[in-house]
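Report on the following structure.
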Amino acid sequence: MKSVFYLLDCAPYGSEKAYGLLNAAAVSINMDVALGLYADGVYLALAGQDSRLLDMPCLSDLIYAYPEVRILAHEPSLAERGLMTRSLIERVELVDEEEFIDLLRSADCLIAL
């Protein structure tokens, strides 16, 4: 297996899914790794996250910790949530519907929790 696409489609806080996917992506860095943020998963792309009140680690710190992982935000999901005017983490790449699906389909493995 040469490439893996991790799909996050739920909000980054309130469940273990985002944390688990970020850690799984981190241990896969010897491959071509992408983390696709889709639906409510795009909230992970927002800059300036502060999770101290949630008593959880700041997940954007994990994004910065592993520059080998490509972070892709589904642009239509951002638009549907009114987030297009918000600042995003610098490492996040905006991709349209067609490119997002193409990248997802071209991966050797798709992992969605």
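From a predicted model like this one, the values you see are computed outputs, not experimental measurements.
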Atom CD in Glu97, atom OG in Ser77: separation rounded to 0.5 Å?
-> 7.5 Å
Do Val69 and Leu94 belong together in a cluster built from hydrophobic side chains that touch within less than 4.5 Å?
-> yes
Indicate yes or no: at least one non-hydrogen side-chain atom of Leu22 is less than 4.5 angstrom from one of Leu59.
-> yes
Examine Val95 and Val92 and state if one hydrophobic cluster contains both, with Ile, Leu, Val, Met, Phe, Trp and Tyr joined whenever side-chain heavy atoms are less than 4.5 Å apart.
-> no
Side-chain (Asp108) to main-chain (Ser3) donor-acceptor, under 3.5 angstrom = yes
Closest approach of Leu37 to Val42 (non-hydrogen atoms, all atoms of both residues) = O-CG1, 3.4 Å
Could you tell me whether the side chain of Ser87 and the main chain of Ala47 form a donor-acceptor pair under 3.5 Å?
-> no
Answer yes or no: is there a side-chain heavy-atom contact under 4.5 Å between Tyr64 and Glu90?
-> yes
Is it possible for you to say whether Tyr19 and Ile29 belong to one hydrophobic cluster, with membership spreading through side-chain heavy-atom contacts below 4.5 Å?
-> yes
Spacing of CD1 belonging to Ile63 relative to SG belonging to Cys58, to within rounding of 0.5 Å | 8.5 Å
Could you tell me which non-hydrogen atom of Leu7 sits nearest to which non-hydrogen atom of Leu21, and how far apart they are?
-> O-CD1, 3.2 Å
Would you sort out whether Gln49 and Leu44 count as a side chain to side chain contact (heavy atoms under 4.5 Å, CB included), showing the intermediate values?
-> CA-CA 8 Å; Gln49 296 177 30; Leu44 183 57; 4.0 Å; yes
Decide yes or no for Leu78 and Leu88: does some side-chain heavy atom of the first lie under 4.5 Å from some side-chain heavy atom of the second?
-> yes
Should the heavy atoms of other residues, nucleotides or ligands under 6.0 Å from OH of Tyr13 be counted, would the total exceed 12?
-> yes
Tyr6 and Ala25: which non-hydrogen atoms are nearest, and at how many Å?
-> CE1-CA, 3.5 Å
Test item: Glu80 side-chain N/O and Ala39 main-chain N/O as donor-acceptor pair under 3.5 Å | no
What heavy-atom pair brings Met56 and Ser15 nearest, and what distance separates the two atoms?
-> CE-O, 4.4 Å
Hphob cluster co-occupancy, Leu8 + Met31, side-chain heavy atoms under 4.5 angstrom = yes
In terms of side-chain geometry, is the basic nitrogen of Arg81 or Asp40 positioned less than 4.0 Å from the acidic oxygen of its partner?
-> yes
What class does the angle between the rings of Tyr38 and His74 fall in, given that below 30° is parallel, 30 to 60° is tilted and above 60° is perpendicular?
-> tilted
CG/Leu110 to CG/Leu103 distance, rounded to the nearest 0.5 angstrom?
-> 12.0 Å
What heavy-atom pair brings Phe5 and Gly36 nearest, and what distance separates the two atoms?
-> CZ-CA, 3.7 Å
Kindly compute the distance separating CZ (Arg86) from CG (Leu46), expressed to the nearest 0.5 Å.
-> 5.0 Å
Atom NZ of Lys2 and atom OG of Ser106: how far apart are they, to the nearest 0.5 Å?
-> 13.0 Å
Please check if the side chain of Arg70 supplies one atom and the backbone of Glu93 the other of a donor-acceptor pair under 3.5 Å.
-> no
Please examine the side chains of Ser51 and Leu53, heavy atoms only from C-beta on, and report whether any two atoms are closer than 4.5 Å.
-> no
Straight-line distance of Arg91 CZ to Leu72 CG, nearest 0.5 Å | 10.0 Å
Pairwise side-chain contact, Tyr43 with Leu83, heavy-atom cut-off 4.5 Å (strictly under) = yes
